[in-house]
Each structure stands twice: as C-alpha cells, then as structure tokens.
Engineer: 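Could you have a look at this structure, given as structure tokens, before my questions?
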Amino acid sequence: MGGKLMFGVTVGVAVAACVVATVLVSRRVKSRSKWKRVVGVLEELEATCDTPLRRLRQVVDAMAVEMHAGLASEGGSKLKMLLTYVDNLPNGSEIGTFYALDLGGTNFRVLRVPLGGQRSLTLKHDVERQPIPQNLMTGTREGLFDFIASSLKEFVEKTDDPDELAPRRKELGFTFSFPVKQTSASSGVLIKWTKGFSIEDMVGRDAAESLQQAIDRIGLGLRVSVLINDTVGTLAVGHYQDPDTVAAVIIGTGSNACYVERTDAIIKCQGLCTTSGSMVINMEWGNFWSSHLPRTTYDIDLDADSPNPSDQGFEKMISGMYLGDIVRRVILRISQESDVFGPASTRLSMPFKLRTPMMAAMHEDSSPELTEVARIFEDILEITDIPLKVRKLVVKICDIVTRRAARLAAAGIVGILKKIGRDGTSGIAGGRSRADVKPRRTVVAIEGGLYTSYTIFREYLHEALVEILGEEIAPHVILKPTEDGSGIGAALLAASYSSYDTDANLL
C-alpha cells in the first residue's frame, strides 16, 4: 500500500513538473513570437527608411530638376523658388552701427550690431527679446507695429553710443518669418498669418511699409532697408565671414534653404537685371517632393494628422519638428503588436509627446544600462521597468529615423550644388565629366539645432555628403555652422542695403 502511495506521489510530482515545464515552454514560445513581431516591425522600418547611394543620387537629381522647374514658371514645381531681390551680400567691409528686428513668433528680438569694416568670425552685438501681448496678435496692424516701434525706440535710446559721430538716420534689417510675396529687397506683401497671429487688416499689406509707418509715427530715425527671412539672413552671415559661401541651409525645428543664382537662369522673370548679375533665391525646400524619397506608413500617417497635409513633405522627413514624433509612432505600433513596453500608456498615443531633443538624448545615451532612455520613458511617456534589450531597440529606432533624415538633408544640399555646377559635374544639363571640371572651394552656411547640437545627425550628414560627392570633390565643399542669421544676418543686410557709403557685393 505504501509503495502504491509513494508511486502515486511520484507520478503526481512528475505530472506537475510536466505541467510547469509545459507552461514555461509555452510562455517562452509566446515571448519569442512577440519578440519576433517586434523585430519584424524594426526590420520593416529599416528597409523602408533605407537610403543607399543610388537612392540619394536620385534625390539629388530630383532636387536639381525641381529647382529648374521652379525657376522656369510660377507653380512649375513644389519648390517655390522665391525671388528675394537680394543681390548684395555683406563682404566684411561694412562700417557703421546697424539694427535688426526679428519677428517670427510670440516674441520678437531687436539687435544692434556695430561693424568696423573688417571681416570677423564673431560679431559683437546687443540684443533684447520682447513678448507680444496676446491681444496684439489678433488686433490691428497699427496696434502691433506701434507696439514694436515703441520697443525699438526704447532699445535704440538705451544702446545708442553717445560718442558716435554724424547723427544720421539709422538702418534696420527686418526678418519677418511669415509667408510673404517679396516685391523688392525692402518690401513684401503678407500672404497669410501663421503661428497664432490673426490680424485681418494686415493680410495683403506690405510688412516693411507697415513697420516703417509705425517708426515714422513716433519720430524714430530708423529706415527699414531690407526685408528678409531667416534663411537669407543665414546666407548673409556666412558670406560676411567667408566670401566662398554660395548657399545656406537651416535644419532645426523647420528646414529651408537659399542660394545664389544667376539672374539669366531665372526664366520666370525675363529681363530681370541686377548689378551683380545674381540674386538670392529662397527655395522653400521643405515642400520638395519626389517619388525617390523613402516614405513609410508612419510618414503618411503623420502627414494626414498634421495641420498641413500634403505640404512640406521634405521638411516632415528631415526636421526637428517631426523626427521625435516619427519615433513615437514606431514605438506605438510595437506596443500595439506586443507587450514589450508593459501596460499601455495613454501618453504614447499623444502626438508630439516625444519631442526630438528627447529622441536625440536617447539616441546619444552612452551609459551601459541606457539609463537616459529609461528616464525619458518614465518621465515623458509614463512607461517604467523597460528591459535593457527593449531600451536598445528604442535606440535603434532613433538611429534609423535620424540616419534617414541626415542623409536626405545631405542629398538636398548636393542637389543645390548640382544645380549651380558646384558638385564636381558641369550641372544638370552638362555633358562634361568630373575630370574636366576644376573643383572650386564651396561653402554652405548651415544653422539650426538639429545640425549644431545633435552630434550623430551631423556625422551622418557629413558621411553622406562625402559618399555622394566622392572623395575627390568632397574636401572642396565646406559646411560652416553660422549663428543667428535671423538677427545678425538682418543687420548685415541692412548694411549691404544702406543708403550711405558701403562696399558690399554678391560674389
């Protein structure tokens, strides 16, 4: 009897052990199956974001073609290729004190920049930031500009040098970062407001003229000598510091580019004459589009959910406004396919909850346990206790999205160089080989936090630039970081367009 009992106990234990083993095996199988789905999502992302050299060269060619089309006729391309009428860029010989007003959001800045006639890599300047009261953002044209003019007057009186000789009318450069139809270097009509402004009696009016009228009403001796956007200002700073600067690119929250074009290449304005034979073109390259761009389902969904669907397609793939949200969408998809991130987080479903600076911090986390990744997930997304292998997965997602963005930005830059014959070929229509063209030193001024502050992004961009141009040409193309094109650049262009003696030139 005792033996039977012992046998029964043994069998029972064995059965229980088998059940436990079966459960454990089942869990492992399910776990492997879930992880396989996660890996599948990652592999799909990597494949659809792939930017081999062949594809980058297709993007280069497409950019150059669209630039030609945009210069040929209005509406001929997604690239607007806007005339700025800027044909004088500062060259370092400017003398005097110049002012700038930078209006592009809920704050504006005023600057004072003294120039001594010698090119300098660092420019001394005074600057003051002023918030715009909410009621003025939706009030009247006179209300807004009278407020700005009063602030300008206080700033000028506070910063003016009492020892400065020859009390003459001072020059001001105006950076107005809203959609404008430029009519001259110092005038442009507002097309529409953005960024929370809604002043009806300003739409269709000249922005520079409206500011000048307000300045005149309070008796301030300032002349608005130039109206620009921040990209043109970046080019001005670049050209002031280095005469070989032919283009400027901003890669920050948004993205845009401008460059120096021959006036005879601007077909849509036949008979256009400038003293230099050239003009700065504002590309508005954020709206560039081509079938060669590696678009994913995440890009399509982001575009559909944005306030401007089907617009700014290139910007949505390369700029700081969007990269973090692309990463968030990939993580959300994985969390829907598996439980590797634990219980569902409502924050993960919130658009733009994961911003690009946080994404960059995770991407550049060099700690052995990826503690920064864990911290950001806990603080921003309210997701805790992520296993290390899942943290590594997150870093990989950041890497894929960032690498694609940087490489596409590099292709865009080379597209500009190709259009103006600075990529080592003779341009889009030329038949000569690289060997027939002597490389010229070419500088591209570049600004924006995505490039200046995000090390991995910058490294990927440089790597792609060398890859596309080749080792023979790449050393002759220099990407030069600049600072505060929207402020200092406006003051420098005020100097170029001063009504007094200056010696500025374009090339």
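Residues: numbered from 1 along the sequence shown.
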Engineer: For the side chain of Ser73 and the backbone of Lys268, is there at least one donor-acceptor N/O pair under 3.5 Å apart?
Structural biologist: no
Engineer: In terms of relative ring orientation, are Phe197 and Trp193 parallel, tilted or perpendicular, with 30° and 60° separating the classes?
Structural biologist: parallel
Engineer: Side chains of Tyr99 and Asp126 only: does a donor on one sit below 3.5 Å from an acceptor on the other?
Structural biologist: no
Engineer: Run the salt bridge (charged side-chain N to carboxylate O under 4.0 Å, His left out) test on Lys316 and Asp299 for me, step by step, so that the C-alpha distance in whole Å, both residues' side-chain angles and the decisive distance to 0.1 Å come before the verdict.
Structural biologist: CA-CA 8 Å; Lys316 286 171 182 171; Asp299 298 304; over 6 Å; no
Engineer: Given salt bridge (charged side-chain N to carboxylate O under 4.0 Å, His left out), test Arg57 with Asp61 step by step and report yes or no.
Structural biologist: CA-CA 6 Å; Arg57 284 181 172 152; Asp61 292 342; over 6 Å; no
Engineer: Any side-chain heavy atom of Asp102 sitting closer than 4.5 Å to one from Asp230?
Structural biologist: no
Engineer: Under a 4.0 Å threshold between the charged nitrogen and the carboxylate oxygen, would Asp301 count as salt-bridged to Arg333?
Structural biologist: no
Engineer: Which pairs, with at least one residue in residues 317-355 and sequence neighbours excluded, count as a ring pair (Phe, Tyr, Trp, His ring centres under 6.0 Å)?
Structural biologist: Phe341-Phe377
Engineer: Are the charged groups of Arg295 and Asp303 less than 4.0 angstrom apart, N to O?
Structural biologist: yes
Engineer: Between Tyr451 and His462, does the ring centroid distance fall short of 6.0 Å?
Structural biologist: yes
Engineer: Is the shortest side-chain N to carboxylate O distance from Arg375 to Asp379 below 4.0 Å?
Structural biologist: yes
Engineer: Between CZ of Phe288 and CE of Met67, what distance do you get to the nearest 0.5 Å?
Structural biologist: 10.5 Å
Engineer: So among Thr234, Thr231, Asn287, which one has a side chain to side chain donor-acceptor pair (under 3.5 Å) with Asn256?
Structural biologist: Thr231
Engineer: Cut-off 3.5 Å, side chains only: do Glu382 and Ser345 have a donor facing an acceptor?
Structural biologist: no
Engineer: Scan side-chain atoms only and decide if His239 and Asn91 contain a donor-acceptor pair under the 3.5 Å cut-off.
Structural biologist: no
